[in-house]
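For reference, the structure is listed below as structure tokens.
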Amino acid sequence: MNREAVLLDYYRAMRAELGPSRWWPGDTPFEIALGAILTQNTAWANVEKAMHNLRESGLLEPRALARLTDGELAMLIRPAGAFRVKAARVRNFLNFLHGACDLDMDGLRGETVEGLRPALLEVSGIGPETADSILLYALGLPSFVVDAYTRRILGRHGLIPEDIGYGELRDFFMDVLPPDAALYNEYHALIVRTGKNWCAKKAGKCASCPLAVFLEEFSPLTCVGKSIIPHP
DNA sequence: CTCCTGGAAG
DNA sequence: CTTCCGGGAG
């Protein structure tokens with residue numbers, strides 16, 4: 001069993017146990033991209049409150065949102081936390097869209113990961129994970145999304161170094177998996193669902209985890225009740 | 001109190 | 001490298 005083939009086994013195990021994910025919540029590419037920015041280090045339930053405020057005001061489209069002041073925008077997205085920072089980031093993204101597609105994300109059809117990813121990363125407030133989330137979930141392009149759960153789960157299973165960088169981990173997935181946006185979409189969704197429900201930062205519930213079988217096979221960890229204790 | 005589908009600034 | 005952003009939920 002090599003480290004690469006196991007990625008597909010992880011996918012099959014989560015998919016069999018959890019079923020389809022129907023990600024990303026959002027009706028338009030812009031709404032999805034906006035959610036990707038608002039959810040940075042933030043629980044999705046809080047993002048939904050902010051999205052609700054924008055929806056009620058008819059502001060879930062770029063041209064309307066672009067008319068607001070930073071202060072107005074900040075107050076509307078306040079439930080998402082770090083609201084002044086995120087208001088500036090949304091503004092930067094709107095400015096990017098203005099130049100890239102005249103505030104119409106349909107104009108980004110035909111772009112490629114290789115062409116668009118570097119441009120997104122130039123936007124202050126859009127880092128690797130947010131850029132890949134926009135590429136994959138808003139635009140349907142095959143760019144694998146790595147997040148804290150991905151690193152935590154695979155790290156705890158001993159498959160990757162704990163301090164592996166974002167790009168290295170993304171490359172690991174993309175070197176192994178076929179460049180299939182639907183597969184990337186569902187894979188990341190399953191990782192988040194698994195991480196959220198079973199792989200909490202302090203106390204992982206390994207006993208009932210869909211990936212429990214892989215712990216016995218690879219892990220340098222010991223499960224004690226509901227907690228995981230790093231092995232010396 | 002810690003943590004949440006990170007990223008920038010210091 | 002470390003700190004900050006920040007409200008909401010457990």
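To find a chain, count down the sequence lines: A is the first, B the second, and so on, and within it residues start at 1.
- In terms of heavy atoms, A:F96 sits closest to A:A119 at CE1-CB, 3.9 Å.
- For the C1' atom pair drawn from C:dT3 and B:dT5, the interatomic distance equals 22 Å after rounding to whole Å.
- Phosphate contact (OP1/OP2 of B:dA9, side-chain N/O of A:R84, threshold under 4.0 Å): absent.
- Atoms CZ (A:R152) and P (B:dC3) sit 9 Å apart, rounded to a whole Å.
- In this structure, CZ of A:R91 is placed 19 Å from C1' of B:dA8, rounded to the nearest angstrom.
- Spacing between atom CG of A:L169 and atom C1' of B:dG6 amounts to 15 Å, rounded to whole angstrom units.
- Nucleic acid contact for A:V123: sugar-phosphate only, since backbone atoms but no base atoms lie under 4.0 Å from a heavy atom of the residue.
- Nucleotides B:dA9 and C:dG6 have their P atoms positioned 13 Å apart, rounded to a whole Å.
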Query raised in the report: Would A:V146 and A:E129 count as a side chain to side chain contact (heavy atoms under 4.5 Å, CB included) if you check the C-alpha gap in whole Å, the side-chain angles of each, and the deciding distance to 0.1 Å?
Result: CA-CA 6 Å; A:V146 167; A:E129 182 178 344; over 6 Å; no
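- For the P atoms, the distance from B:dC1 to C:dC4 is 14 Å, rounded to whole Å.
- Applying the salt bridge (charged side-chain N to carboxylate O under 4.0 Å, His left out) test to A:R91 and every residue at least two apart in sequence or in another chain returns A:D70.
- One can place CD1 of A:I77 at 13 Å from P of C:dG8, the figure rounded to the nearest angstrom.
- Residue A:L211 is grouped with residue A:L8 when hydrophobic side chains (ILVMFWY) are merged at heavy-atom distances under 4.5 angstrom, including chains of intermediate members.
- Listed by residue number, A:N41, A:T42, A:N46, A:K49 are the residues of residues 23-49 of chain A with a heavy-atom contact under 4.0 Å to DNA chain C.
- By the side chain to side chain donor-acceptor pair (under 3.5 Å) test, A:Y166 pairs with A:D132, sequence neighbours left out.
- In terms of modelled atom types and a separation under 3.5 Å, the side chain of A:T194 and the main chain of A:L190 share a donor-acceptor contact.
- Hydrophobic clustering keeps A:F93 apart from A:V85 (ILVMFWY residues linked when any side-chain heavy atoms are closer than 4.5 Å, directly or through intermediates).
- Distance from the side chain of A:S124 is smallest for B:dA8 among the nucleotides B:dC3, B:dT5, B:dA8.
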**Report entry** Stepwise side chain to side chain contact (heavy atoms under 4.5 Å, CB included) check, A:E111 with A:L135
**Finding:** CA-CA 10 Å; A:E111 291 286 343; A:L135 292 168; over 6 Å; no
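- Applying the side chain to side chain donor-acceptor pair (under 3.5 Å) test to A:Q40 and every residue at least two apart in sequence or in another chain returns A:R89, A:T130.
- The number of heavy atoms from other shown groups lying within 6.0 Å of CD (A:E122) does not exceed 12.
- The separation between A:M75 atom CE and C:dG7 atom C1' is 11 Å, rounded to whole Å.
- Contacts with DNA chain B (heavy atom under 4.0 Å) in residues 127-137 of chain A: A:G127, A:P128, A:E129, A:T130, listed by number.
- Distance A:R89 CZ to C:dC4 C1': 10 Å, rounded to the nearest Å.
- Counting to the nearest Å, the P atom of B:dT5 and the OH atom of A:Y166 are 16 Å from each other.
- Residues from residues 182-197 of chain A with heavy atoms under 4.0 angstrom of DNA chain C: there are none.
- Looking at A:S143, its side chain never comes within 3.5 Å of a backbone N or O of A:V113 through a donor-acceptor pair.
- Straight-line distance from the NZ atom of A:K201 to the P atom of B:dT5: 12 Å, rounded to whole Å.
- If you check the side chains of A:Y10 and A:H157, you find a donor sitting under 3.5 Å from an acceptor.
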